[in-house]
Amino acid sequence: MEGVRSSSLLPGILRVDGIMKKVKNLNLAKQSKAPLFDTLLGHAKRDVISFHCPGHKNGRSIDKELKDYVGEKVFKFDVTVFDEVDSLHDPVGQIKKAQELMAEAYGVERSLFLVNGTSVGNMAMFLSACNPGDSIIVSRSSHKSIMAGIIMSGVWPIWVQPEIDQNLDLIFSMTYDQVKDALDKYPEAKAVFVTSPTYNGVVTELSKIADLCHRRGKILLVDEAHGAHLHFNDQLPESAVEAGAGLCVQSTHKILSAMSQGSALHFNSKLVDFNRVKKIVSMLQTTSPNYLTLASLDLARRQVVLQGKKIFDSVIDAAEMGRSYINKNIQNMKCFTRQEMNKSGFDLDVTKLTVNVTKTGLSGYEIESILAKEYNIQLDYADLFNLVAISGYGTIKADVEAFVKALESISKKYRGKQKNWILKIPSLATEMVMNPRDVFLSNSVTKVSLKNAVGHIAAQTLTPYPPGIPVVIPGERITQEICDYLIETASKDIRVSGQENDKLRMVKVFTNF
Ligand SMILES: Cc1ncc(COP(=O)(O)O)c(C=O)c1O
């Protein structure tokens, strides 16, 4: 059974009734070490004469304006590969030790540090689990790096259309029933790719999906970009590593305290060869990793193991305070709750605040901009309907208070004209005629006007925002419904990622079919 190890092999994890439970039996003395950071610190303090890359030589030639603001010391961590600091591609020393501590902390067999975010990890999971021509079940609401993974690996995607809640203007991740239906219909699928939590913190039934995959001998891959913290606080939903994912990737930089681009790929599979994963990750990453990012991964792991419970208890309290303040005091805004998600069969990472603003008559984009310009508050994401405030390891109660007070002030000060926006997507149950990679590599491509595109095979991806779901994918037959949707989208001036001109009029299609 994939992802299942006996508790004696997995410190930190105990299997109870077939489900991995969070158990805090980690060796804390061991986990309080940060071998890579300590080594880099020791190196930085010795002021070694550098005849290695990078050219700024321990920060000496860094632009003065930058150095005056951030200080010089930080650049002493910006070194290159040599024995003392170890190599990311062939670790035998401090990076190896740091990765082992990470694996132990998450209760997985192996962990690999990533310096190009979860984007590169997603691509690596596709390439590791599948061979060209294999098929894989994947939600259409996945991150854009998934399309890169599909094209690179040459797989046939079996798309699952995500469910939409039009009351909350929200798109869900794949459900257990959807995965089961897809596996019943396409038993040849080699793997299942799930995103959980979503950008909005919605967590799907991963344990059930994992058990199903294990029973059917399928590899479960999870994009857990937003879930590196879940494992360390019992108030938070179950994480992918506990649920039994074979491979999972987390953006350690998104919620925990790693520097941007710092992510980790966790391996816990009997169906995939770890050496293959390692080789693929190495093929996709730079040979000049930023050691500050690597050190920050080592420290973020130590920090969350030692203090994650306490810190996230207070982040959860602050976020829940904000949620209930918005729901009680700001009449035209709404922030969905964990109970509401539970009723829909999902769980919620309550640290995330998704604020629906449709009743204000203003779009999420407009409020995001007001927050930035007038209240000095920058959000991670907004769309027509919602604002998403992402809390993290460093969030304090005062930040959430400032946010909700600003929203209250905006709701009193501004009133837009009610619009009849509806979050919808066309039926994506169309034919996948060609493999996306074959279309991508083909020169037999031309452009046709949107209204003449019906029946053609798409040769590009088109993703309207919102909802941020690709409605056209290379290799898929373009239907009348998809065309009509795109024509309507273009008439409303909705931004479509992938369009090459200001106005969406043409679509690239394959000619030789
Ligand atoms: C669900 C999801 N997956 C993957 C990514 C990519 O992560 P990274 O920025 O670490 O490359 C993101 C980024 O926002 C994301 O939201």
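The shown structure was predicted, so the numbers you read here are calculated from the model rather than taken from an experiment. All ligand and atom numbering here is 1-based and tracks the order in the structure.
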S263 near ligand 1, heavy-atom distance under 4.0 Å? yes
H229 and Y393: side-chain contact (heavy atoms from CB on, under 4.5 Å), yes or no, with the steps? CA-CA 9 Å; H229 57 310; Y393 206 94; over 6 Å; no
Option with minimal heavy-atom separation from atom 3 (N) of ligand 1, where the choices are T198, T195, N122, D223: D223
Distance alone, cut at 3.5 Å: any donor-acceptor contact between the side chains of D313 and Q235? yes
May I ask you to check whether over 12 heavy atoms, not counting those of K190, lie within 6.0 Å of atom NZ? yes
Non-hydrogen atom of H253 closer than 4.0 Å to ligand 1: yes
Could you tell me if E163 and T175 have a donor-acceptor pair between their side chains, going purely by distance under 3.5 Å? no
Counting from 1 in the order shown, the ligand 1 atoms closer than 4.0 Å to a non-hydrogen atom of Y199 are 14 (O), 16 (O)
Measure the distance from atom 8 (P) of ligand 1 to every protein heavy atom, then report the residue, atom name and distance (to 0.1 Å) of the closest one. T118 N, 3.4 Å
If you count heavy atoms of other groups shown closer than 6.0 angstrom to CZ of F385, is the number above 12? yes
Quick one: does K254 get an N or O within less than 3.5 Å of an N or O on ligand 1? yes
Among all protein heavy atoms, pick the one closest to atom 11 (O) of ligand 1 and tell me residue, atom and distance. S119 OG, 2.6 Å
Nearest-contact summary for atom 12 (C) of ligand 1 - protein heavy atom, Å: H143 CD2, 3.3 Å
Under 4.0 Å from any heavy atom of S251, which atoms of ligand 1 are there? 7 (O), 8 (P), 10 (O)
Are F267 and Y106 near enough that their ring centres are under 6.0 Å apart? no
Within the structure, does H226 bring an N/O atom to less than 3.5 angstrom of an N/O atom in ligand 1? yes
Going by atom types only, do E340 and T337 share a side-chain donor-acceptor pair under 3.5 Å? yes
